[in-house]
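Written out below as structure tokens is the structure these notes cover.
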Amino acid sequence: MHEDHAAEAEDRYLKEMKEARDVSAVFKLKLISLRASDPQVIVFVFEGVDDKKVYFHWVRRISPELSYEAFVCGGKGKLLKFLATLRRDRSNAASGVYFFMDRDFDDHRVEAPGPELFMTQTYSFENALVGEQVVDELLRGELHCHAEPACRADVVAIFRTQYEAFLASTRDVNFRLFVARKLGIEVDTLPSKINLLAKVELDSVAPSGAPLDEIVPLATEPSEEQMIERRPEFEALDPRTRYRGKYALLFFLRWVRLLIADRNDPNSHFFAALQGGEFKAGGEVSLDMLAVKADIPAGLQAFVGAISAPPG
């Protein structure tokens, strides 16, 4: 059985490498085409569509006049392959091309750092979208708690407590993923919905009760010795910044939806002290909305400030 898993993992790896090579070739041809029409075009390369959306707002806040074309690779592995391809290229194709990448748990995969590569100091860009400041900004704007600093402070304090509870509830989930990434174990589909991770209410958070191997399905199970060996390194991580950002965002979107529902409830629990009912909170919270309110990630301003177009 172990040999079967190993063979499957190797097949998947070879397939991913081939796809990465194919993507690199496609992007290189697209880059050549862009350069033919505009030799000085600046190109930003992202892992995914969500990255492209969020970084658009951050870059615009840093440098409103900066214009660029975006490439979306469809994953970290493909981005790294494209980066390696351009670094080997001797035709100056890499000039004016910049890469934006999440750190994740496997940041050791990154090639030598360079001025063309920005890597988040957090697990991923999503970590930056979740926090007290964003909650306060949502309360001021979308939830119409303007001129109510005491109410906002109370809600922010509740959020802080529940976020810490969520991080504690998903510690073992993050640890299992951490070990898998460090050991190079193939990870199947990860949760895309909050219910598999935790039971989230406005004033309480509890583990989902789902088995760990269901939440983080692995091609092979790490040994007890491997788990023990990796534990100290994991425990040294800051949960807010170094646990999986997509999990944090799933929690945050769920919690904010519940908050909006409570704000609009005539029998509201958290907003009962507010006078009048003329204001109704908005509906869906988008990545664009959060990116505008979140702090710009550490290091991004300096990275964007050093960007230059290729020579004409």
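Below, each value reflects all heavy atoms present in this structure, side chains not excepted, and no hydrogens, waters or symmetry copies.
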Any side-chain heavy-atom pair from [X] and [Y] closer than 4.5 angstrom?
| X | Y | result |
| --- | --- | --- |
| Asp262 | Ser268 | yes |
| Phe99 | Phe71 | no |
| Asp102 | Glu126 | yes |
| Val256 | Val134 | no |
| Gln162 | Phe251 | yes |
| Leu31 | Leu86 | yes |
| Arg87 | Glu116 | yes |
| Ile215 | Ser208 | yes |

Side-chain ([X]) to main-chain ([Y]) donor-acceptor, under 3.5 angstrom:
| X | Y | result |
| --- | --- | --- |
| Arg35 | Val41 | yes |
| Arg152 | Cys145 | yes |
| Asn127 | Ser124 | yes |
| Thr85 | Lys81 | yes |
| Ser63 | Val59 | no |
| Thr120 | Phe125 | no |
| Thr241 | Thr122 | no |
| Tyr98 | Ser308 | yes |
| Asp51 | Gly48 | yes |
| Glu137 | Ala294 | no |

Between atom [atom1] of [X] and atom [atom2] of [Y], what is the distance when rounded to the nearest 0.5 Å?
| X | Y | atom1 | atom2 | answer |
| --- | --- | --- | --- | --- |
| Arg263 | Glu142 | CZ | CD | 12.5 Å |
| Asp203 | Trp255 | CG | CH2 | 10.0 Å |
| Leu258 | Asp265 | CG | CG | 12.0 Å |
| Tyr243 | Phe234 | OH | CZ | 3.5 Å |
| Glu221 | Gln226 | CD | CD | 10.5 Å |
| His57 | Leu290 | NE2 | CG | 10.0 Å |

Specify the closest pair of heavy atoms between [X] and [Y], including all atoms of both residues, with the distance to one decimal.
| X | Y | value |
| --- | --- | --- |
| Pro239 | Leu167 | O-CD2, 3.8 Å |
| Leu259 | Leu202 | N-CD2, 3.6 Å |
| Leu196 | Pro191 | CD2-CG, 3.9 Å |
| Asp89 | Asn92 | OD1-N, 3.7 Å |
| Asp104 | Arg242 | O-NH2, 3.2 Å |
| Arg244 | Leu177 | CD-CD2, 3.5 Å |

Working for salt bridge (charged side-chain N to carboxylate O under 4.0 Å, His left out), residues Asp172 and Arg176 | CA-CA 6 Å; Asp172 290 343; Arg176 181 173 169 83; over 6 Å; no
Honestly curious: do [X] and [Y] fall in one hydrophobic cluster under the side-chain, below-4.5 Å linking rule?
| X | Y | value |
| --- | --- | --- |
| Leu139 | Val292 | no |
| Leu300 | Ile42 | yes |
| Ile62 | Leu287 | yes |
| Met101 | Val72 | no |
| Val216 | Leu237 | yes |

Tell me, with the steps shown, if Lys76 and Glu47 meet salt bridge (charged side-chain N to carboxylate O under 4.0 Å, His left out).
-> CA-CA 5 Å; Lys76 185 175 183 178; Glu47 292 185 48; 5.8 Å; no
List the steps and the verdict of side chain to side chain contact (heavy atoms under 4.5 Å, CB included) for Val187 and Leu218.
-> CA-CA 5 Å; Val187 181; Leu218 304 179; 3.7 Å; yes
Angle class for the [X]/[Y] ring planes (parallel below 30°, perpendicular above 60°, tilted otherwise)?
| X | Y | value |
| --- | --- | --- |
| Phe44 | Phe100 | tilted |
| Phe82 | Phe27 | tilted |
| His146 | His144 | perpendicular |

Kindly say whether the aromatic ring centers of Trp58 and Tyr55 come within a distance under 6.0 Å.
-> yes
Would you confirm whether the ring centroid of Phe252 sits within less than 6.0 angstrom of the ring centroid of Phe159?
-> yes
Would Lys199 and Arg254 count as a side chain to side chain contact (heavy atoms under 4.5 Å, CB included) if you check the C-alpha gap in whole Å, the side-chain angles of each, and the deciding distance to 0.1 Å?
-> CA-CA 10 Å; Lys199 300 173 183 177; Arg254 163 72 173 168; over 6 Å; no
Geometric cation-pi criterion, Arg230 with Phe175: 6.0 Å, 45° = no
Walk me through it: do Val285 and Ile260 pass the test side chain to side chain contact (heavy atoms under 4.5 Å, CB included)?
-> CA-CA 10 Å; Val285 174; Ile260 290 172; 3.9 Å; yes
